[in-house]
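Here is the structure we will look at, set down as structure tokens.
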Amino acid sequence: MDESPKESPRDFIRSIVAADLASGRHRAIVTRFPPEPNGYLHVGHAKSICLNFGIALETGGQCNLRFDDTNPEKESDEYVRSIQEDMRWLGFDWRDGLHFASDYFEALWQAARELVEKGLAYVDEQTAEEIRATRGTLTEPGCPSPWRDRPAAESLVRLDEMRAGALPDGACVLRARIDMASPNLNLRDPALLRIRRATHHRTGDRWCVYPMYDFAHPISDALENITHSTCTLEVEDHRPLYDWVVANVTLPSRPRQIEFARLELTHTVLSKRKLLALVQEGIVGGWDDPRMPTLAGLRRRGVPPDALRDFCERVGVAKANSVVDVALLEHCVRERLNPEVPRYMGVLRPLELVIENYPEDGEEWLDARNNPEDPAAGTRQVPFSRRLWIERDDFRQEATRKFWRLAPGREVRLRWAYFVTCTGVELDPTTGEPVRVLCTYDPATRGGDAPGGRTVKATLHWVSARHAAAVDVRLYDRLFLDERPGEDWRDRLNPHSLEVLAARPAEPALAMVAPGARVQLERLGYFCADARDSRPGALVLNQIVGLKGAAAKG
RNA sequence: UGGGGUGUGGCCAAAUUGGUAAGGCACCUGACUCUGGAUCAGGGGAUUGUAGGUUCGAGCCCUACCACCCCAGCCA
């Protein structure tokens, strides 16, 4: 027995799990992630996935993937496909634990019969409207249905007719017989089974009776021997019903439901309804639009899956509703990318720079380190010549103390190349904007270092105009202006969430990167070669995240 | 006005059986630096929702109050 001090559990759920293991209540832990296949997974789901699979991994247990497909009208195979793809991308393996609630329809049916036989459920022939009208309100108790006390045998007959398709949709419903006066509305004889003639994505037209979540979920959990069934806060007052089902149906195990707060992120929306609207209204390009908080979107954006997992761990698990700053996600992404992503130079807003004392047709290839963070990444060569592109932002006609880049009279370093001193600028006669910056270079600084140890305040990235490749760049910003877009979210969309920059100059080596590759454009940020839109010779770069403070210059 | 939850620095979030407020992100400063990045060092900032009470001592216990979230689908 190893009694060495262990790390205390990271959150209250893991504490419960640890206690259940320590007390011998469970010998092995089984969790599950139970998505309904009616939408794409998003970062909020990632939190739940990391929690459930994390617990399984840490305890040597198992985490199942169970599709909660009990409402055929909203579910489809496209979603079960995408959900599995996204989960695998995130890095999790459910092994042989792939299940569908629809696999349990027969068992659910038997459970329904058992409850009726025990007098714990009955077939109610009231209309949906009547049931709603007699449920009572938050402060007043409900009225019992006239069918509540009918003989079990009679309910059983009707139940069989429901399944047999003898009754039209909505003709009746199976209700649990609990307490119409309960202050918890979920206990006022909740519906368990309803008739719905709809083709199910897996069972086709075999069934016309479908179980409700409150009935299917606890039974599915028990059938899979789930030990800890986590869910979000809004299902907290369903727990007594969950426990009621588990206690009253003959089941192989007794799972326990534990609730935690769902994840919310600033500057985005995470509700399925709003996400669907963004896609259907064409506000974004699809579920995998890089601005979307969906896993498909984050993947296309270039976010590494382990950065996302790290994020989920850092966010924690608790019961307080909270909104996490998207800056934390961005931090996790940078932290993951910085040490291992190769650097390149490219210019987003080009301004011509001419080196007057450099030979007209001169050319030389200079060594550049691929990643200053990682000597093993080696070097590459970048072409240098008399005409270069630099970033417009890196030049100002009037320099201030806070601005230490290029300005008339100023000397700066061109990364991996030479020190240059600005000798003049040509302006557009009508706009007054600079169109060409004139410089002289110091041949003694070749490679970027001055012999006498002379230093310079700024280093600029640049691209040789004659050698430049052209790449398309897509810059992304938060989808919403507000940290927490409310119901008027459509009015709070950030008009600049996407900026497309066509044919920007880039060093030749950048044009050679493979689709899907992640790179850093020096001084600009991290980018991912879009795997779908990039063509040979026509690279498309998606911005993953900018460099920290990249926007706050001068 | 019923029930269920939650309230700890700008944002998350810890705090063994009550012992005198971790950590991360964000922000600021300094060092270093061929990315105003990274790294390193340091810093500001919390009367732990409020008011009482118990106690030598309370974020943790008691009482009252306040705020916010969820619930009246034959959705999940």
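First the proteins, then the strands, lettered A, B, ... as listed; each starts at 1. Hydrogens, waters and symmetry mates are skipped; everything else that's a heavy atom, side chains included, is used.
- Taking atom C1' on both C32(B) and C40(B), the two are 8 Å apart, rounded to the nearest angstrom.
- Between Thr70(A) and the phosphate of A76(B), there is a side-chain N or O to OP1/OP2 separation shorter than 4.0 Å.
- Taking atom P on both G37(B) and C25(B), the two are 16 Å apart, rounded to the nearest angstrom.
- Evaluation of the salt bridge (charged side-chain N to carboxylate O under 4.0 Å, His left out) rule for Arg369(A) yields no partner, not counting sequence neighbours.
- Note on His217(A): nothing from the nucleic acid sits closer than 4.0 angstrom, heavy atoms only.
- Under the 30°/60° scheme for interplanar angles, the aromatic rings of Phe384(A) and Tyr441(A) are found to be tilted.
- Across all strands, Glu234(A) comes closer than 4.0 Å only to sugar-phosphate atoms, never to a base (heavy-atom distances).
- The ring-ring contact (aromatic ring centres under 6.0 Å, His included) search around Tyr476(A) returns none, not counting sequence neighbours.
- Between Lys47(A) and Glu264(A) there is no salt bridge, since none of the side-chain N atoms of the basic residue sits less than 4.0 Å from a carboxylate O of the acidic one.
- At the phosphate of C75(B), OP1 or OP2 sits under 4.0 Å from a side-chain N or O atom of Arg196(A).
- When only modelled atom types and interatomic distance are considered, Asn38(A) and Glu75(A) share no side-chain donor-acceptor pair under 3.5 Å.
- Taking the C1' atom of each, C60(B) and G18(B) are spaced 6 Å apart, rounded to whole Å.
- Distances shorter than 4.0 Å separate none of the side-chain N or O atoms of Arg273(A) from OP1 or OP2 on C75(B).
- Taking the nucleotide of RNA chain B with the nearest heavy atom to each of Ala171(A) and Asn186(A), the more 5' of the two is matched to Asn186(A).
- Side-chain contact, Tyr213(A) with Asn71(A): no donor N or O sits under 3.5 Å from an acceptor N or O.
- Nucleotides G2(B) and C62(B), compared at atom C1', are 25 Å apart to the nearest Å.
- In this structure, Arg194(A) reaches the C75(B) phosphate: one of its side-chain N or O atoms is under 4.0 Å from OP1 or OP2.
- Residue Glu373(A) is classed as a base contact, given a heavy-atom separation below 4.0 Å to a base.
- For the pair Arg135(A) and C74(B), the criterion of a side-chain N or O lying under 4.0 Å from OP1 or OP2 is met.
- Note on Glu259(A): nothing from the nucleic acid sits closer than 4.0 angstrom, heavy atoms only.
- Atom C1' of C75(B) sits at a distance of 16 Å from the matching atom of C70(B), rounded to the whole Å.
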Dump the pairs, protein N or O against N or O of nucleotides 12-18 of chain B, anything under 3.5 Å, distances to one decimal.
residue: C12(B); atom: OP1; partner: Val323(A); partner atom: N; Å: 3.0
residue: C12(B); atom: O5'; partner: Val323(A); partner atom: O; Å: 3.3
residue: C12(B); atom: O3'; partner: Ser322(A); partner atom: OG; Å: 3.4
residue: C12(B); atom: O2'; partner: Val315(A); partner atom: O; Å: 2.9
residue: A14(B); atom: OP1; partner: Val317(A); partner atom: O; Å: 3.4

Quiz item: His238(A) and Tyr242(A): ring pair (Phe, Tyr, Trp, His ring centres under 6.0 Å), yes or no, with the steps?
Solution: CA-CA 6 Å; His238(A) 289 241; Tyr242(A) 183 100; over 10 Å; no
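- Nucleotides G59(B) and G53(B), compared at atom P, are 15 Å apart to the nearest Å.
- Atom C1' of nucleotide C74(B) and atom CG of Leu167(A) are separated by 13 Å, given to the nearest angstrom.
- Using atom C1' as the reference point in both C56(B) and A14(B), the two lie 27 Å apart (nearest Å).
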Self-check item: Dot-bracket notation for RNA chain B, counting Watson-Crick and G-U pairs under 3.5 Å, with | for partners on another strand
Solution: .((((((..(((......[...))).(((((.......))))).....(((((..]....))))))))))).....
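- A donor-acceptor contact under 3.5 angstrom links the side chains of Asp221(A) and Ser229(A), judged on distance only.
- Rounded to whole Å, atom P of A76(B) lies 22 Å from atom OH of Tyr40(A).
- Residues Gly170(A) and Pro183(A) both approach RNA chain B. Their nearest nucleotides, taken by heavy-atom distance, put Pro183(A) toward the 5′ side.
- The P atoms of U8(B) and C69(B) are separated by 15 Å, rounded to the nearest whole Å.
- Applying the salt bridge (charged side-chain N to carboxylate O under 4.0 Å, His left out) criterion to Arg454(A), with sequence neighbours excluded, gives Glu411(A), Asp442(A).
- For a distance-only test at 3.5 Å, the side chain of Asn184(A) fails to qualify as a donor-acceptor partner of the base of G4(B).
- A cation-pi arrangement is not found for Arg415(A) relative to Trp462(A), the charged atom failing to lie both closer than 6.0 Å to the ring centre and inside a 45° cone about the ring normal.
- Annotation: salt bridge (charged side-chain N to carboxylate O under 4.0 Å, His left out) contacts of Arg202(A) (sequence neighbours excluded): Asp103(A).
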